[in-house]
Amino acid sequence: MKNINEFLGGRIFNLAELEQSELEDLISLGSQIVSATFKKNNKLFCRRCLMEIRKLPIEFQYCRNCINLGKIKVNDRLVITPTDVKYPIQSNYLVWDGQLTTNQQKGVRELLRAFDKKQDHLVWAVTGAGKTEMIFPLIEQALFKQQRVAICSPRVDVCIELFPRIQQVFPNTSVGLFHGKSEENYHLTQIMLATVHQLIRFEQAFDVLIIDEVDSYPLAGNKMLHQAITKAKDNQGMIVYLSATPPKELLIAVSKHQVTLTKLYQRFHGHPLPEPRCHLLLKQLEFLGINPRLRSKLTQLIKNGQRFMLFFPQIPIMKSFAEKLHKLYPLLNFVTVSSKDQHRLEKVQQFREQKVQAILTTTILERGVTFKKITVIVLAAQAKEFSKTSLIQIAGRAGRGKDSYDDEVHFYYQYYNDQIRLACAEIDYLNRQAKS
C-alpha cells in the first residue's frame, strides 16, 4: 500500500470501496471488519453515523443520514483501522512564550485535573477570554503520553484560523487540517484539526477531543454530530467543550456531575466586554437609501478611517444594502461575506490585513474570527435570525485586543425585543461577575 497514512487512525471505510491489496494490508495491520449496521430495540442503525436507517420502498436499503460521506447499504461491511499508533517522543512539545493570566492558570489546573481523571470538561468563558491558549498545556500533557488529539469545530473558518496557531506552538508535532473543502487528503497526524462532520469517519480514534463553539450551528441540537463526537473518543479518553454560550443540555450534564466545569468571566487583557449601544430606527433600514441615523454613524467611521463590521440577518438584505453603500460612499473599500460565498476565506483575510475598511456579513462571522480595532454594528437586530446567543457572540468580535479593548458595539433595530434585552443583560451580568 502506497499511502498507508491515509487509512490509519480509527478510520471507517466501506469494504466495497477498497482494493483487495489495500484490504489485505489493513487487515495485516490489525484492522477489523464489522457489519455496516446493527439492531437495537428492533430498529436498524448505521454503524458509521449511529443513526436509524428508516426503510425505503426500494430493493437496496441504505443510510441516508451520512450519504454525503459515501453510500452505505445495509448489507455492506465496514473496515475500522487500528488506533494503536506509536508517535515519536520529543524533548520539547510546546514552544510558546506567552503568559497565562491568573484566571487562565486556574482554568488550566482544572483542565489537567479532568485529564488525569479522564473526565469530560466544559470551559465556559466569555469571548476573548483566551480559551485557545488554555488548551495548550492540556495538549502538551496528551503528547507527553504519546496520545492523539483532535480539535474540532462546526465551522470551517474556526478550524482554518486555529490551524497555524497550533502548528506554531507545536512545531515538532504532526498537525493536520481536514474539512469538506480541504484540498489535502486525510493522513495520520498526532493533532488533527477538523470540522465536527469529519468525526463521523472515526471510531475510538482520539484520546483528547476538544470541541470548540459547541453551541454553534450545525452542531447545536444535531444528534448525529454529538454521537459522532462520543464515538470518535477512545474509551479511556476525554472530551473538552469550549463555549462562551453553552447549550442547556451541557449545563444540565454539569449539574448532574457528568461534566466538570471551568468558568472565566474576564477577557485575557482584564478589561470588560464592550456593552452594546442600542439605537431605535423609526424608519426602515433603507429609508432614503440608508437610514439617516445609521448614515450619520457610517459617515463618521469612514471619515475617521475606522474599520467596521456590519452584520445582517439575511443575504438579500446585505446585498441590497451593499449597493446603496457603494452609491453613497464610492471611495469606500469593503467586501461582502456569506455562507454561499466561495471566496469567503480570502475576503476575511483581506479585512484582517486591512486591505479593506469594512466587511458586510451575515451570522457566518458571528464567532471564530478575531480582528483588532474595529467597530461592530448589527443591523435589524430585532430579526429572528439574531438570537440572544448570536448577538452576544457578535458583540464579542469587538474589544479583543489589549490596545483596542474599548471597541464600540452598536445594535440598530426597528423595535426592542427579548433577544436584544437578554443579550445586553447577559453581557452586563458577565461584566459585573468579572468585577466581583
Between [Y] and [X], is there a side-chain heavy-atom distance shorter than 4.5 Å?
X: F371; Y: R397; result: no
X: D407; Y: V376; result: no
X: F268; Y: E133; result: no
X: C66; Y: C46; result: yes
X: L430; Y: D428; result: no
X: V378; Y: Y413; result: no
X: T362; Y: V337; result: no
X: F308; Y: I302; result: yes

SB check [X] [Y] (cutoff 4.0 Å):
X: D157; Y: R344; value: yes
X: E203; Y: R47; value: yes
X: E346; Y: K355; value: no
X: E52; Y: R54; value: yes
X: D341; Y: K347; value: yes
X: E426; Y: R421; value: no
X: K372; Y: D403; value: no
X: E17; Y: K71; value: no

Is it the case that the side chain of [X] and the backbone of [Y] share a donor-acceptor pair, with hydrogens and angles ignored and the cut-off at 3.5 Å?
X: H179; Y: L177; result: no
X: Q357; Y: L301; result: yes
X: Q190; Y: Q147; result: yes
X: R295; Y: I290; result: yes
X: W124; Y: S243; result: no
X: Q104; Y: T101; result: yes
X: N304; Y: Q300; result: yes
X: H197; Y: L69; result: no
X: D207; Y: G237; result: no
X: R155; Y: R367; result: no

Atom pairs and distances, donor-acceptor, side-chain atoms in residues 312-325, under 3.5 Å, two or more places apart:
unit_1 : atom_1 : unit_2 : atom_2 : d
Q314   : NE2    : E385   : OE2    : 3.0
S320   : OG     : E286   : OE1    : 3.2
S320   : OG     : E286   : OE2    : 2.9
S320   : OG     : K324   : NZ     : 3.4
K324   : NZ     : E286   : OE1    : 3.3

For [X] and [Y], work out which heavy atoms get closest and say how close.
X: T81; Y: G9; answer: OG1-N, 3.5 Å
X: I239; Y: K233; answer: CG1-CD, 3.6 Å
X: E275; Y: N431; answer: OE2-ND2, 3.0 Å
X: A114; Y: T260; answer: CB-OG1, 3.9 Å
X: A383; Y: Q419; answer: O-NE2, 2.7 Å

To the nearest 0.5 Å, what is the distance between [atom1] ([X]) and [atom2] ([Y])?
X: L78; Y: I80; atom1: CG; atom2: CD1; result: 6.5 Å
X: S387; Y: E366; atom1: OG; atom2: CD; result: 6.5 Å
X: D212; Y: T132; atom1: CG; atom2: OG1; result: 6.0 Å
X: Y412; Y: L310; atom1: OH; atom2: CG; result: 9.5 Å
X: E140; Y: N92; atom1: CD; atom2: CG; result: 7.5 Å
X: I53; Y: L44; atom1: CD1; atom2: CG; result: 4.5 Å

Between side-chain atoms of residues 55-63 and protein atoms elsewhere (two or more places apart, or another chain), which donor-acceptor pairs fall under 3.5 Å?
unit_1 : atom_1 : unit_2 : atom_2 : d
Q61    : OE1    : L56    : N      : 2.6
Q61    : NE2    : L56    : O      : 2.7
Q61    : NE2    : I58    : O      : 2.6

When the aromatic ring centroids of [X] and [Y] are compared, is their separation below 6.0 Å?
X: F202; Y: Y186; value: yes
X: Y93; Y: F170; value: no
X: H121; Y: F115; value: no

Is it true that, when you exclude Q349 itself, more than 12 heavy atoms of the residues, nucleotides or ligands shown sit nearer than 6.0 Å to its CD?
yes
Should we count OH of Y217 as having more than 12 external heavy atoms under 6.0 Å?
no
Regarding [X] and [Y], is there a side-chain donor-to-acceptor distance under 3.5 Å anywhere?
X: T262; Y: E110; answer: yes
X: D120; Y: Q258; answer: no
X: Y329; Y: T299; answer: yes
X: T375; Y: R307; answer: no
X: R267; Y: T127; answer: yes
X: R201; Y: Q198; answer: yes

What do the steps show when you test Q393 against D215 for side chain to side chain contact (heavy atoms under 4.5 Å, CB included), and what is the final call?
CA-CA 11 Å; Q393 289 285 355; D215 57 302; 4.0 Å; yes
What verdict does the salt bridge (Lys or Arg N to Asp or Glu O under 4.0 Å) test give for R352 and E161, after you've listed the backbone C-alpha separation in whole Å, the side-chain angles of each residue and the deciding distance to 0.1 Å?
CA-CA 11 Å; R352 182 173 285 115; E161 180 152 308; 2.4 Å; yes
